[in-house]
Amino acid sequence: MSEPNPASLPSLSRLDRLWLTEAIRLREEHAGPLEDAEANRRANAAGGNLAARIEARALWLAQRDGQLQALQHWRQGARLAGLVLLLLALVSGAGLAVAALGDGQRPVNLFWALGSLLGLHLLMLLGWALSFCLGSSASVLGRIWLWLSGKLARDAQAAHLAPALLLLLQRQRLTRWGLGTLVHGVWLLTLGSALAVLLLLLATRRYGFVWETTILGSDTFVFLTQALGALPSLFGFSLPDAATIRASSSVVGEEAARQAWSGWLLGVTFTYGLLPRLLLGLFCFWRWSQGRARLGLDLSLPGYSLLRERLQPASERLGVCDAAPVELVEPRAGSLNGASQGALLVAIELDDRRPWPPPLPKGVGDAGVLDSREQRQRLLDQLSRFPPERLAVACDPRRSPDRGTLALIGELARSAGRTRIWLLPPPSGEALDSQRLEDWHQALDRLALPHAQGAPLHWLETGHD
């Protein structure tokens with residue numbers, strides 16, 4: 001788990017923020033509620049409506065528990081998957097062109113060549129149209145990309161990312177437009193590569209063209225050729241006349257006929273292959289861009305409804321404890337990245353017989369002794385608004401360093417610029433358990449917080465030893 005760093009969150013796009021929020025909701029539905037006391041406190045301190053608070057809470061949890069890093073890994077996997085599809089598209093397009101024209105040693109059967117160039121494209125386009133009409137969200141190519149993106153991410157925390165993205169997009173029917181943009185883009189590259197290689201081969205090799213049949217007459221081929229070439233001719237591509245078409249029942253030898261058939265083949269490939277994919281890709285991208293602006297959280301979902309009382313309570317209740325989480329979170333410390341000033345001393349659960357506070361230097365504030373949950377929450381709320389530059393936390397090493405105390409120390413440290421732990425010496429006449437003191441040292445070392453038994457009052461006053 002990485003330490004939450006609010007400074008890195010504004011770089012996320014709105015889609016990324018909603019995506020992570022939905023991923024946290026799915027994770028809590030499957031694994032149970034997360035330990036979110038600090039996340040809720042920070043979300044409430046940030047303010048805003050319920051949706052904004054739910055989003056702030058989820059982003060803090062995502063950064064703490066690794067979902068933010070998993071999202072970056074998933075994006076890297078998606079880019080690698082896209083690169084693989086890009087390379088496959090370019091190679092496949094070149095292969096289609098080479099297979100259609102051959103090596104030039106034999107004449108090119110025109111309609112076999114056309115079937116090689118456009119047959120699979122038309123079948124896949126028909127399949128996409130049928131799945132679109134039937135309400136299916138993703139084509140085969142789109143599902144392959146999603147699967148490959150997850151495999152290349154290689155992050156255990158990314159398990160809920162793909163389902164969360166699909167659920168988020170499906171609410172605005174955006175899945176079909178996003179994956180449609182991808183699918184048509186890949187086919188656009190494939191057919192563009194085929195057209196480029198086709199043009200290169202026709203420019204550097206001499207091909208003969210022929211049509212062959214056993215049961216059809218020449219008039220049928222004249223009709224088919226002119227029908228297919230009518231629309232490309234509007235874009236300036238050549239259209240063979242009837243005499244040229246009939247003469248092509250044997251190998252074409254005239255230069256003008258070769259050029260006419262080459263232009264016809266290029267025009268049909270462009271008009272019925274590349275152009276539809278370009279127009280459909282632009283249309284899907286336009287719908288995708290429009291739909292992204294309408295994305296938002298569905299606050300009626302049970303996972304979000306349960307957060308309403310915690311993030312926007314109708315009234316504040318004291319003494320209510322949250323249910324124990326299914327998964328315990330290891331306490332973490334850190335430091336505040338942002339504006340802070342002043343110095344503060346606070347103590348945690350001290351014995352009433354110990355005199356407190358000690359004489360404090362000028363400019364050092366006393367936050368008292370934290371004994372109750374209400375006192376802790378009140379101080380944390382205060383620190384979220386006025387974070388100190390230096391914070392010293394006094395602890396009694398005669399007590400065991402339990403998880404709750406360490407979590408509080410970590411949360412206090414994340415609310416200050418710099419933090420030191422003061423392990424108080426025992427009262428006169430009492431011995432300190434060396435094993436318990438060692439437990440404190442090990443626990444504070446795991447939190448990466450400096451600690452000592454000497455009073456850090458000079459450091460609080462001046463900022464250095």
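Numbers for residues simply follow the sequence, beginning at 1.
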Q: Determine the minimum heavy-atom distance between G296 and L168, stating which atoms define it.
A: O-CD1, 4.1 Å

Q. Hey, is the main chain of L380 close enough, under 3.5 Å, to the side chain of R41 for a donor-acceptor pair?
A. yes

Q: Work out which heavy atom in L118 is nearest to a heavy atom in L191; give both atom names and the distance.
A: CD2-CD2, 4.4 Å

Q) In terms of side-chain heavy atoms, does S13 have a donor or acceptor partner in D16 at a distance below 3.5 Å? A) yes

Q) Side chains of L275 and F235: closer than 4.5 Å at any heavy-atom pair? A) yes

Q | Heavy-atom check, side chain of R390 versus side chain of R420, under 4.5 Å | A | no

Q) What pairs with F283 under side-chain contact (heavy atoms from CB on, under 4.5 Å), at least two apart in sequence or on another chain? A) W177, W286, R287

Q | salt bridge (charged side-chain N to carboxylate O under 4.0 Å, His left out) involving D219 - partner list, sequence neighbours excluded | A | R246

Q) So, does E389 use its side chain to make a donor-acceptor pair with the main chain of A416 at under 3.5 Å? A) no

Q. When you check the gap from the basic side-chain N to the acidic O, do R25 and E29 get nearer than 4.0 Å?
A. yes

Q: Decide, yes or no, whether a salt bridge links R64 with E38 under the criterion of side-chain N to carboxylate O below 4.0 Å.
A: no

Q) Which side-chain hydrogen bond (donor to acceptor under 3.5 Å, both in side chains) pairs, counting each pair once, include a residue from residues 178-195, with sequence neighbours left out? A) H184-R277

Q | Salt bridge E28-R57, side-chain N to carboxylate O under 4.0 Å | A | yes

(Q) Parallel, tilted or perpendicular: which one describes the rings of W19 and W74, with boundaries at 30° and 60°? (A) perpendicular

Q) Do L114 and L228 have side chains that get closer than 4.5 Å, going by heavy atoms? A) yes

Q | Main-chain N/O of T225 paired to W264 side chain as donor or acceptor, under 3.5 Å | A | yes

Q: Say whether, by atom type as modelled, one donor and one acceptor occur between the side chain of Q172 and the main chain of L169 under 3.5 angstrom.
A: no

Q: For the pair F221 and F111, name the ring-plane relationship: parallel under 30°, tilted 30 to 60°, perpendicular over 60°.
A: perpendicular

(Q) Within the 4.5 Å heavy-atom criterion, are S262 and L265 side-chain neighbours or not? (A) no

Q: Take R17 and E22 through the test salt bridge (charged side-chain N to carboxylate O under 4.0 Å, His left out) and record every step on the way to the result.
A: CA-CA 9 Å; R17 289 170 173 264; E22 192 71 10; over 6 Å; no

Q. So which heavy atom on I24 is nearest to which on A58, and how close?
A. CG1-O, 3.7 Å

(Q) For a salt bridge (charged side-chain N to carboxylate O under 4.0 Å, His left out) check, start with the C-alpha distance between R376 and E411, then their side-chain angles and the critical distance, and finish with the verdict. (A) CA-CA 10 Å; R376 299 179 183 189; E411 196 168 356; over 6 Å; no

